[in-house]
Amino acid sequence: MKKIKQRSSKHFRFITYKKAFISFVIFFVFFTLSLFAELLANDKPLLVFYDDHIYFPVFKNYSELVFGGEFDINADYRDPYIIQKIEEKGRLIFAPVHFSYNTINYDLPSPAPSGPSAENLLGTDDGGRDVLARLLYGFRVSVLFGFTLTFICSIIGIFLGALQGYYGGLFDIIFQRFMEVWSGLPMLFILIILSSVVEPNFWWLLGINLLFGWMALVPLVRAEFLRARNFEYVIAARAMGMSHARIMFVHILPNAVSSALSQFPFILAGSITILTSLDFLGFGLPVGSPSLGELLSQAKANLQAPWLGISVFAVLALSLTLLVFIGEGVRDVFDPRRRAG
């Protein structure tokens, strides 16, 4: 019974770090909301009740003939004519924000970029697109990119660090020299050159960033394996004829992965920063994609529209601050000196 209580207290120790736990809850709520961005910011209605039927335009395109229109084309739900036709026999239910990330508002009170208003709460960018919608979609893209890059880099880094630390010797020396040379290359310039050679998209950028992102966890895992490979239980497992793969990934890795887990939030923050930097410089996602870096670039080019810079800065600053707080909490949870205290 005592062992069960000790294990449960170990798993829930993160909750006792209030700053880190509250940061995790806030970040989780924001990220969850961004996953349902289509239901929160969209130029199509969520539901249309028309002539005793229910339609879901947010998930499926309907011809305007369905709603009494004149042409066999996709219904434009911002067209006053279509709205009038639908309201004659039903009603529309829109998302809280009536714009998607690429929706252009042609009824602006002033030339784009237009300031905050009741219709566009955070104003519009220089293309007449709603800033709040682009922030919501851009935050989702950035975090998903960061999660994907962090996950793949962690797998590669842990695997290579485990090999390097477990076998040591000549393999360790050669791999260390390779990492010293590889890490000394100007990463940002190489990323810019590669991004300018190929047409950038989400997966190309992910692959290009993988070239350097895997090195973050290698030193940590290598150090843990170098320390653990001479433990008595490892020597006994070798004497019993157990395979190297089983010793590495069944017996040593669970004890060594804690130091790697503490770095995940910091790697995620760095991945978001890299994508934002590439987008800001014009070497990131395709033109028109929802992007925090692209909004930063617009803010630099339109100093007369401070709402652009303030909005994207607030999102980036809050996101990275929350991730740093989460990382500090996770690091303290896995710190043996903290546990001893």
Side-chain angles (χ1 to χ4, degrees), residues 145-198 200 203-235 237-239 242-278 281 283-284 323-324 327 330-331 334-337:
F145 178 87
F147 273 131
T148 307
L149 183 61
T150 301
F151 178 73
I152 300 177
C153 287
S154 299
I155 293 177
I156 298 174
I158 291 174
F159 178 75
L160 294 178
L163 291 177
Q164 189 178 354
Y166 181 79
Y167 290 105
L170 183 61
F171 176 78
D172 182 31
I173 295 174
I174 295 175
F175 201 82
Q176 279 293 100
R177 301 293 82 77
F178 169 76
M179 285 192 57
E180 290 173 1
V181 174
W182 193 250
S183 61
L185 297 176
M187 182 184 69
L188 185 59
F189 291 119
I190 293 178
L191 292 177
I192 291 174
I193 293 172
L194 293 176
S195 300
S196 61
V197 171
V198 298
W203 299 109
W204 264 112
L205 291 174
L206 185 66
I208 292 172
N209 282 277
L210 278 175
L211 294 175
F212 297 92
W214 58 270
M215 292 186 293
L217 294 179
V218 172
L220 295 174
V221 179
R222 170 182 173 269
E224 292 293 331
F225 269 77
L226 283 173
R227 182 175 64 91
R229 68 175 184 165
N230 294 320
F231 284 174
E232 293 181 356
Y233 73 91
V234 176
I235 298 175
R238 288 175 183 166
M242 190 174 295
S243 65
H244 293 298
R246 183 174 178 82
I247 295 174
M248 291 171 56
F249 299 108
V250 176
H251 296 285
I252 301 180
L253 183 60
N255 298 321
V257 76
S258 59
S259 60
L261 288 175
S262 63
Q263 298 300 313
F264 281 7
F266 301 109
I267 299 175
L268 175 59
S271 302
I272 295 174
T273 304
I274 289 175
L275 180 63
T276 303
S277 302
L278 290 175
L281 296 173
F283 299 99
L323 288 174
V324 170
V330 174
R331 183 182 58 194
F334 289 107
D335 190 346
R337 293 170 296 181

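Because the structure is predicted, anything quoted here is derived from the model rather than measured.
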Count the heavy atoms belonging to other residues, nucleotides or ligands that lie under 6.0 Å from CZ of F189, then report whether that count exceeds 12.
no

Straight-line distance of S277 OG to L281 CG, nearest 0.5 Å:
6.5 Å

Starting at CG of L160, measure out to CE of M215 and round the result to the nearest 0.5 Å.
11.0 Å

Find the distance between NE2 (H251) and CE (M242) and round it off to the nearest 0.5 Å.
4.0 Å

How many angstroms lie between atom CG of L217 and atom OG1 of T150, to the nearest 0.5 angstrom?
9.0 Å

Which heavy-atom pair separates A228 from Y233 by the least distance, and what is that distance?
CB-OH, 4.4 Å

Which pair of heavy atoms, one from V218 and one from Q164, lies closest together, and at what distance?
CG1-OE1, 3.4 Å

Note: L210 and C153 closest approach over all heavy atoms is CD2-SG, 3.3 Å

Not counting sequence neighbours, which residues clear salt bridge (charged side-chain N to carboxylate O under 4.0 Å, His left out) with R227? List them please.
E224

Test item: F159 and F249 side chains (from C-beta on) under 4.5 Å apart, heavy atoms
yes

By side-chain contact (heavy atoms from CB on, under 4.5 Å), L185 pairs with (sequence neighbours left out) W182, I190, F212

Does atom CZ (F151) have a neighbourhood of more than 12 heavy atoms from anything else shown, all under 6.0 Å?
no

Over all atoms of both residues, closest heavy-atom pair of I267 and A216:
CD1-CB, 4.1 Å

Taking all atoms of both residues into account, what is the closest heavy-atom pair of P265 and L261, and its distance?
CD-O, 3.9 Å

Between atom CD of E180 and atom CZ of F175, what is the distance when rounded to the nearest 0.5 Å?
12.0 Å

Determine whether F147 and L268 make a side-chain contact, defined as any pair of heavy atoms from C-beta on separated by less than 4.5 Å.
yes

Mind checking the CG-CG spacing from L205 to L149? Nearest 0.5 Å is all I need.
10.0 Å

Hey, does I152 have a side-chain heavy atom less than 4.5 Å from the side chain of L206?
yes

Do F283 and I193 come within less than 4.5 Å of each other through their side chains, counting heavy atoms only?
no

Salt bridge (Lys or Arg N to Asp or Glu O under 4.0 Å) contacts in which one or both residues fall within residues 245-274, not counting sequence neighbours
none

Check against side-chain contact (heavy atoms from CB on, under 4.5 Å), F225 and L253:
CA-CA 8 Å; F225 269 77; L253 183 60; 4.1 Å; yes

Between the side chains of Y166 and H244, is a donor N or O closer than 3.5 angstrom to an acceptor N or O?
yes

Measure across Q263 and L220 and return the closest heavy-atom pair with its distance rounded to 0.1 Å.
CG-CD1, 3.2 Å

